[in-house]
Amino acid sequence: MVNLLAFIILTAYMVIYMNRYCVLMKYPANSRRKLMLEGPEAFLVLLFATGTMAMSSSGGGHGASGGFNLQAIRLLLLEVLLFWSVFKARLSPQWGIGTVFYLIFILWLVYSMTYSNAGQYGWRYILKFLYPLVIMLGASAIARDEEVFVTICVWARRVALITVVLPFIPVVNGLFGGFFWYNAALNIHYATIVCISLVLFFYYGRDWKDLAMVVLFIVPCFLQVHRTGLLSIFGALGVWCFYKFKWVSLPYIIGVAAIGVGIIFYVPSFHEKMFWREGEKGQEITIQDLREGNISQEDVRNNGREAVWQMLEEQFYEGHELRGSGIGSCQKFLYEAGPTVVKQSHGDYVQIRCDVGMIGMVLYLAILAVILIHCFIESVRSSNPPYLKACAMIAAGALAGNYMGMYSDNVVTYTMCTSGYPFGFYGIMLGLKAKLKGQ
C-alpha cells in the first residue's frame, strides 16, 4: 500500500511539474541562490532523483514475491512522460551519434519481433531497451543550463545516499520493503553516483566530503560481497579518471585495477565467493596462480550462471547466430520453464546474443564505442566550458560501468535505476552543447 501510494503521488507530481510554468527551488551548489526552473526542467530533476525507487513488492524484480508489482507500469508511464516532455520543452531534442546508433539498435529489436515467438515478452523487453533512448531525447531537449545539470547531479546523489543509509535503520527499512530497487541494481547505479561525486569535488568546490562519498558508495559492495557492483564502480572510476587526467592517469588506473585484484585474492569473503576452495592442483587458489595462468573457468564460482547461459545458448543461439531467436525469447523461456528455473539470465550479453544475434550484439557494443569517443572529444575540447566536460565524463564513466555490469547481471531489467542514468547524462551533454551552438 505504501508503494502504491508513493507511485500515485510521484506520478502526479511529475505531471504537475510538466505543466507548471516555473518551479522555485534552492540551487544545491549554493543554498543562498534560488533557481527558477521551467516545468519540464523540474520534471527532469525529479526523474533523475527518483530513479532508484522501484515502488514494487519485490524491489524491482518480477516474481520475487507475491505482491503487486508496479515496475512495468512505472516504466511505461515514464516513457510516455519523457515523450511528452520532448513536445513540452521549448527547444528541440538533439540527435548525437550515440542517439542515432541507439535508434538503429531499437529498430533491429523491432525487426526481430517478425520472427520472435515471445509475444508480450518481446514487447516488454523492447520497452526496457527503449527507456535510455527516450531519456536521451528528453534530457537533450530540456537540460540546457549548467544549473539544471548540477541540480540533477546533487539530487540524484542525495536520494542514492538514502539507499546506502536505510539498511542500517532496521525499523525504518522494514517500512519500505520494495520501495527502492534491490541491492544488485543499486550497486551498479552507484557507479554513476561515484562519477557524480568526483565531478562535484573537482569542479564545484573541492569539498572533501565529495571524495568521502566516493568511498561511501563503494562500501555496500564490500558488505554484500557483490562482485558485479565492484566491477562496475571500478570500471567507471578508471574511465572517468582517464577522461579527466588523460595519460597521466594510467598509473592510477593500474593501481585501481591492482586494488581490485587484491580485494579478490586477499579479502576472504570475496575470495571465497570468487573461487572454489581448491583449484586443479587441489590447493587453495592464490595470486601466484593468476601470475602463472593456472586459473581456469572451472575454478571460478558463477553461482549457476554458466549453466543458465549454456542452456539459453543451446536453445536460442546455436543455429541462429546471426540474428538470434527474436527479442524476448530468453525471458519467455525462463518465466515459463517452471519454478525450478531462475527467472533472469544474470547475463545481459548472453541474452542479447540469444535474442537478437551477433548483429544485435555488435550494434549494442557500437553504441558504447561511439558514445565513449564522442564524450572523450567533448571532454578534451578546449572551447567547451568545464561543466560540459564534466557531464561528458559522467556519461562516459557511468556508461562503461553499466556495460561491465551487463556481463553477469540484469542491467537492462534495472534500466530505470541503471542504464537510464548514463544515457540520460549523454542527453544532457547534447543539450548543453546545443546551447553553446545557439541551437
Side-chain angles (χ1 to χ4, degrees), residues 93-108 129 131-137 139-140 143 149 188 191-192 194-196 198-199 202-203 231-250 252-254 256-257 348-349 352 358-407 411-412 415 418-437 439:
Q94 299 299 303
W95 289 84
I97 187 171
T99 323
V100 172
F101 268 69
Y102 204 100
L103 177 61
I104 295 171
F105 173 69
I106 291 293
L107 292 175
W108 177 255
F129 276 112
Y131 184 70
L133 177 62
V134 295
I135 199 172
M136 274 191 285
L137 293 175
S140 69
F149 161 62
I188 295 171
T192 301
V194 162
C195 293
I196 288 173
L198 289 172
V199 159
F202 283 102
Y203 290 92
L231 175 65
S232 294
I233 292 175
F234 276 29
L237 277 171
V239 171
W240 193 95
C241 289
F242 182 74
Y243 278 47
K244 169 63 177 172
F245 301 109
K246 312 306 180 287
W247 299 108
V248 177
S249 68
L250 289 182
Y252 300 99
I253 294 173
I254 294 171
V256 169
D348 282 327
Y349 293 133
I352 292 173
M358 287 308 299
I359 293 177
M361 187 70 178
V362 169
L363 287 174
Y364 197 71
L365 292 177
I367 296 168
L368 172 67
V370 297
I371 289 181
L372 288 183
I373 293 170
H374 188 185
C375 289
F376 183 77
I377 292 171
E378 298 299 343
S379 70
V380 300
R381 188 168 306 211
S382 58
S383 60
N384 284 338
Y387 63 84
L388 195 151
K389 296 179 180 180
C391 187
M393 292 172 195
I394 293 174
L399 192 62
N402 274 256
Y403 265 73
M404 288 182 178
M406 290 177 69
Y407 171 73
V411 176
V412 176
T415 184
T418 53
S419 55
Y421 279 83
F423 284 108
F425 277 106
Y426 178 71
I428 294 173
M429 184 197 81
L430 295 176
L432 296 174
K433 184 70 177 179
K435 184 178 180 179
L436 290 179
K437 294 180 177 179
Q439 297 175 349

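In this chain, numbering begins with 1 at the start of the sequence shown. Any value given below was found using the heavy atoms of this structure, including those in side chains, with hydrogens, waters and symmetry copies removed.
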Side chains of [X] and [Y], heavy atoms from C-beta outward: is any pair under 4.5 Å?
{"X": "W95", "Y": "M136", "result": "no"}
{"X": "V412", "Y": "S419", "result": "no"}
{"X": "Y387", "Y": "I428", "result": "no"}
{"X": "M429", "Y": "C375", "result": "yes"}
{"X": "N402", "Y": "S232", "result": "no"}
{"X": "F423", "Y": "I367", "result": "yes"}
{"X": "Y252", "Y": "F245", "result": "no"}
{"X": "V239", "Y": "L399", "result": "no"}

Just to verify, what does K433 make a salt bridge (charged side-chain N to carboxylate O under 4.0 Å, His left out) with, not counting sequence neighbours?
E378
With sequence neighbours excluded, residues passing salt bridge (charged side-chain N to carboxylate O under 4.0 Å, His left out) with K435
D145
Exactly one of W108, Y349, Y403 should register a ring pair (Phe, Tyr, Trp, His ring centres under 6.0 Å) with Y364. Which one does?
Y403
Rounded distance (nearest 0.5 Å) linking atom [atom1] of [X] with atom [atom2] of [Y]:
{"X": "L363", "Y": "L368", "atom1": "CG", "atom2": "CG", "answer": "13.0 Å"}
{"X": "M361", "Y": "D348", "atom1": "CE", "atom2": "CG", "answer": "9.5 Å"}
{"X": "S249", "Y": "L237", "atom1": "OG", "atom2": "CG", "answer": "11.5 Å"}

Nearest atoms (heavy-atom pairs only) where [X] meets [Y]:
{"X": "A236", "Y": "C195", "answer": "CB-SG, 3.9 Å"}
{"X": "I253", "Y": "G238", "answer": "CD1-O, 3.3 Å"}
{"X": "Y426", "Y": "G98", "answer": "OH-N, 3.1 Å"}
{"X": "Q94", "Y": "T99", "answer": "O-OG1, 4.1 Å"}
{"X": "L388", "Y": "L432", "answer": "CD1-C, 3.8 Å"}
{"X": "P385", "Y": "L436", "answer": "CD-CD1, 3.3 Å"}

Stepwise ring pair (Phe, Tyr, Trp, His ring centres under 6.0 Å) check, F129 with Y102:
CA-CA 9 Å; F129 276 112; Y102 204 100; 7.4 Å; no
Where at least one partner belongs to residues 379-388, residue pairs that pass salt bridge (Lys or Arg N to Asp or Glu O under 4.0 Å), sequence neighbours excluded:
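Listed once each, the pairs would be none.
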Residue that, paired with M393, satisfies side chain to side chain contact (heavy atoms under 4.5 Å, CB included) out of Y243, F425, F242:
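One option only clears the test, and that one is Y243.
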